[in-house]
Protein chains: 2
Amino acid sequence: MNSPSDRPPAIVTAALVIIGNEILSGRTQDANLAYVARRLTEQGLQLAEVRVVADVEAEIVSAVNLCRERYDYVFTTGGIGPTHDDITARAIARAFGIDVERHEGAAALLHDHYGQSINEARLSMADLPKGAALIDNPVSRAPGFSMDNVFVLAGVPRIMQAMLDGILPQLKAGNPVMSRTLNAFIGEGEVAQGLSVVQEAHGDVEIGSYPFFHQGEFGVSLVLRSVDTQALNHAVAETAALLQSLGVVPEEREK
Amino acid sequence: MNSPSDRPPAIVTAALVIIGNEILSGRTQDANLAYVARRLTEQGLQLAEVRVVADVEAEIVSAVNLCRERYDYVFTTGGIGPTHDDITARAIARAFGIDVERHEGAAALLHDHYGQSINEARLSMADLPKGAALIDNPVSRAPGFSMDNVFVLAGVPRIMQAMLDGILPQLKAGNPVMSRTLNAFIGEGEVAQGLSVVQEAHGDVEIGSYPFFHQGEFGVSLVLRSVDTQALNHAVAETAALLQSLGVVPEEREK
């Protein structure tokens, strides 16, 4: 990990690998992507890519290895329980080319948590890649862990959230991205040409256009994002002027 | 496309590529993954992988090209509107190494829909990869399209849903996967060992184990899936017997 004295780099990137057949089959609606995206963004980390992969070792290995080379951090969710379909720890070990071994600290936590109900299946949750660092699970004790820049989290949302909230303060933070949103009741197609002029003039501001339909009327949310407050404010002012020139009054929504 | 007389292959695979900075920043909660997963599964298609990528041409090209080689079908959502951040058509053309040109049929639909309010930005939604086939958009007329095995859909959920529902009957269907779910109030760790024995004995049945917490009690949903009804029923019977041997009464939930 980087020491706290490291200067924050402009952009810190991350990928999320969601592991689970139940998401791909439509049985379970994923609730982790939205939470991870929001929390990383608040922290100044840029979530650059998300993959949802099946409970298949080769798929997990491939996704994790591509992402850990490419991004500063990789988060995975799912597959850390005691049953046969929980193969994440083994897959991460394979991705790093190392063995799995029983982590004594994790085993002690599980013994402590389960008492008389401990059994081999439950203890197998302590079988982690050699050298893994534990991630605290204040809810169910099934251990999350990190290896290098890969953070292995639970799939159950409230456990995943507790784990993520616990580790975020330890990560290097990027420059926070500021965001301002202008809403207006106007078609996207009316504002498109002028908006592309504003975008061209402000390469350091990312402008997104998202149509909406509210109480029978079409409108558009224009979302401007930048790490540079001054650049952001200039681009917002120009966008507001554009909307006024088209005859609508933009409403700013804090986001 | 395949002729309807083609014999259905055992497994028809698909990937979903969700295009949109707004999903990655956490501004917008994706609602398309769950719908696509459920509908494809109903249709007997196996959603094998999902990727969420940014509004960056090279990212879209790379994801689409990898997925269209690997899977029978690729669906994309997002980026087909009239603004500068709608770059999907251009990216798909680049992925196929072909040019974009104005699709006369799409342009006519847009003229018809917008009447006097037509403008160049709106018409640009008809700039599609050469040879693309239109996908009907009964809601807003922004054209979706297909190129070979890639289906380009809107990002707005109700438009995406209408488009997907329209094209699904034209796709080759796989053998439908049947699913049965047994719920029981027992810890995953209690059932894990016996369940892995059932899984080993039934390679043609996929058994997933999903813990839940309901009214203060921990329980587990065991989801068994197979294209083979008889194999599925055998595995369900063994799983039910396992749960009974552990002192709990499984409740079957149709899923």
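All chains are named by letter (A, B, ...) in the order of the sequence lines, taking the proteins before the strands, and each is independently numbered beginning at 1. No hydrogens, no waters, no symmetry mates; every other heavy atom, side chains included, goes into these values.
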J.: Please classify the contact of A:F212 with chain B as side chain, backbone, both or neither, using a heavy-atom distance under 4.5 Å.
T.: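 For A:F212, no heavy atom lies under 4.5 Å from chain B.
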
J.: Is the number of heavy atoms from other residues, nucleotides or ligands under 6.0 Å of B:Q29 CD greater than 12?
T.: no

J.: Quick check for you: among A:V56, A:V220, A:L195, which has the greatest number of heavy-atom pairs under 4.5 Å with chain B?
T.: A:L195

J.: Under 4.0 Å between a side-chain nitrogen and a carboxylate oxygen: does that hold for B:R70 and A:E59?
T.: yes

J.: Mind ranking B:A31, B:A37, B:P211 by heavy-atom pairs under 4.5 Å with chain A and telling me who comes out on top?
T.: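 Heavy-atom pairs under 4.5 Å are most numerous for B:A37.
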
J.: Would you check if B:S25 and A:L47 make a side-chain contact, meaning some heavy-atom pair closer than 4.5 Å?
T.: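 No; the side chains remain at least 4.5 Å from each other.
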
J.: Any salt bridge between B:E188 and A:R122, counting N to O under 4.0 Å?
T.: no

J.: A:N21 side chain to B:G208 main-chain N or O, any donor-acceptor pair under 3.5 Å?
T.: no

J.: Atom CD in A:Q199, atom CG in B:D85: separation rounded to 0.5 Å?
T.: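 Those atoms lie 8.0 Å apart.
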
J.: Does A:H84 reach the main-chain N or O of B:I207 with its side chain, forming a donor-acceptor pair under 3.5 Å?
T.: yes

J.: Measuring heavy-atom distances to chain A, does B:E206 have an atom under 4.5 Å in its side chain, in its backbone, in both, or in neither?
T.: side chain

J.: Are a donor atom and an acceptor atom from the side chains of A:N119 and B:Q193 found within less than 3.5 Å of each other?
T.: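 B:Q193 and A:N119 do not have a side-chain donor-acceptor pair below 3.5 Å.
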
J.: Ignoring hydrogens, what is the shortest heavy-atom contact between B:G189 and A:A121? Give both atom names and the distance.
T.: O-CB, 3.8 Å

J.: Flag the pair B:V223 / A:R27 as yes when at least one side-chain heavy-atom distance between them is below 4.5 Å, and no otherwise.
T.: yes

J.: For the candidates B:E190, B:R158, B:R225, which exhibits the highest count of non-hydrogen atom pairs separated by less than 4.5 Å from chain A?
T.: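 Looking at each of B:E190, B:R158, B:R225 in turn, B:E190 comes out on top.
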
J.: Please state whether the side chain, the backbone, both or neither of A:L33 comes within less than 4.5 Å of a heavy atom of chain B.
T.: side chain

J.: Measure distances from B:I118 to the heavy atoms of chain A and classify the residue's part below 4.5 Å as side chain, backbone, both or neither.
T.: neither

J.: So, A:T41 side chain and B:G26 main chain: donor-acceptor pair closer than 3.5 Å or not?
T.: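 Checked: no pair found.
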
J.: Quick one: what part of A:I18 sits under 4.5 Å from any heavy atom of chain B, side chain, backbone, both or neither?
T.: neither

J.: For B:E69, look at atom CD and say whether over 12 heavy atoms of other residues, nucleotides or ligands are found less than 6.0 Å away.
T.: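 No.
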
J.: When heavy-atom pairs shorter than 4.5 Å are enumerated against chain A, which of B:A54, B:S124, B:S209 gives the highest number?
T.: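 Greatest number of close heavy-atom pairs with chain A: B:S209.
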
J.: Can you tell me which portion of B:Y114 sits under 4.5 Å from chain A's heavy atoms? Options are side chain, backbone, both or neither.
T.: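 Neither part.
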
J.: Say whether, by atom type as modelled, one donor and one acceptor occur between the side chain of B:D30 and the main chain of A:A34 under 3.5 angstrom.
T.: no

J.: Passes salt bridge (charged side-chain N to carboxylate O under 4.0 Å, His left out), B:R38 versus A:E22? Steps please.
T.: CA-CA 10 Å; B:R38 202 172 60 246; A:E22 72 279 19; over 6 Å; no

